[in-house]
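All values below were derived from every heavy atom in this structure, side-chain atoms included, with hydrogens, water molecules and symmetry-related copies excluded.
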Amino acid sequence: MAAIPTTAEACDSNVPLLASGDLRVLHPIFKIYGQSRAFSGPIATLKVFEDNVLVRELLETRGEGRVLVIDGGGSTRCALLGGNLGQLAQNMGWAGILVNGCIRDVDEINGCDIGVRALGSHPTRSYKKGVGEKGVAVHIGGTLIRDGEWLYADSDGILISKCELSL
């Protein structure tokens with residue numbers, strides 16, 4: 001597997017992409033969880049609100065190195081991802097998960113060999129109604145994120161790119 005470029009290196013070497021908007025930096029609002037401090041991959045998007053049924057459904061599919069981007073509407077009233085789903089994501093080959101919302105079972109998620117970014121943690125579980133949309137464009141952290149784009153994350157931040165970056 002090729003080395004993941006650091007987000008700082010990616011920004012420094014792709015100034016024209018930053019200027020054009022083909023490479024975007026998310027606002028620094030996400031906390032770092034999981035054992036993979038740096039991760040990247042093609043994006044699968046999901047839009048839900050305080051309901052994680054579709055999160056489980058998507059994580060039950062083969063991740064193949066993808067990153068699940070969950071737009072939970074920024075809700076901090078419940079968790080959309082917990083330890084069981086973190087373990088499922090690891091087992092199914094997902095590279096990481098970005099949650100515009102909260103997670104729970106932080107110690108369990110921190111034991112998983114995936115990267116997770118979320119607004120914070122909350123002990124309450126979500127509803128189970130199965131409402132949401134897969135594969136739609138979502139607006140998170142000050143940027144529009146489309147299914148199939150690429151996410152790069154490390155300790156410095158999170159980048160969204162229209163295509164895979166090569167360094």
Can you measure from [atom1] ([X]) to [atom2] ([Y]) and round to the nearest 0.5 angstrom?
X	Y	atom1	atom2	value
Y127	F49	OH	CZ	9.0 Å
R117	L26	CZ	CG	11.0 Å
D22	C163	CG	SG	7.0 Å
L119	S75	CG	OG	9.0 Å
S36	I97	OG	CD1	11.0 Å
L159	L165	CG	CG	7.5 Å

Determine, using the 4.5 Å side-chain heavy-atom cutoff (strictly less than), whether [X] and [Y] are members of one ILVMFWY cluster.
X	Y	value
V67	V136	yes
L23	Y152	yes
L46	I114	yes
V106	L68	yes
L59	F39	no

side-chain hydrogen bond (donor to acceptor under 3.5 Å, both in side chains) contacts in which one or both residues fall within residues 25-34, not counting sequence neighbours: none
Closest non-hydrogen atom pair between [X] and [Y], with its separation:
X	Y	result
L58	A44	CD2-CB, 4.4 Å
I70	I140	O-CD1, 3.9 Å
I103	A118	CG2-CB, 3.7 Å
V15	D12	CG2-O, 3.6 Å

What salt bridge (Lys or Arg N to Asp or Glu O under 4.0 Å) pairs are there with at least one residue in [range], not counting sequence neighbours?
range	result
residues 67-94	E50-R77
residues 87-96	none
residues 138-158	R24-E149, R146-E149
residues 91-111	none

Other cluster members, L144 - Ile/Leu/Val/Met/Phe/Trp/Tyr, side-chain contacts below 4.5 Å: none
Validation: residues 128-135 side-chain donor-acceptor distances under 3.5 Å, sequence neighbours left out:
residue : atom : partner : partner atom : Å
K128    : NZ   : N52     : OD1          : 2.7
K134    : NZ   : E57     : OE1          : 3.3

Contact check, side chains of [X] and [Y], non-hydrogen atoms, under 4.5 Å:
X	Y	value
V25	I158	no
I145	I43	yes
C78	S126	yes

Pair S40-L151, side chain to side chain contact (heavy atoms under 4.5 Å, CB included): steps then yes or no: CA-CA 5 Å; S40 66; L151 182 145; over 6 Å; no
Answer yes or no: is there a donor N or O on one side and an acceptor on the other, between the side chain of [X] and the main chain of [Y], under 3.5 Å?
X	Y	value
T45	V69	no
T6	E9	yes
N14	P16	no

Which pairs of donor and acceptor atoms, one on a side chain in residues 82-96, lie under 3.5 Å apart (sequence neighbours left out)?
residue : atom : partner : partner atom : Å
Q87     : NE2  : N91     : OD1          : 3.1
Q90     : OE1  : D113    : N            : 2.6
N91     : ND2  : Q87     : O            : 3.4
W94     : NE1  : T61     : O            : 3.1

Qualifying residues under side chain to side chain contact (heavy atoms under 4.5 Å, CB included), relative to P42, sequence neighbours excluded: R66, W150
Stepwise side chain to side chain contact (heavy atoms under 4.5 Å, CB included) test for L80 and C102: CA-CA 6 Å; L80 291 173; C102 290; over 6 Å; no
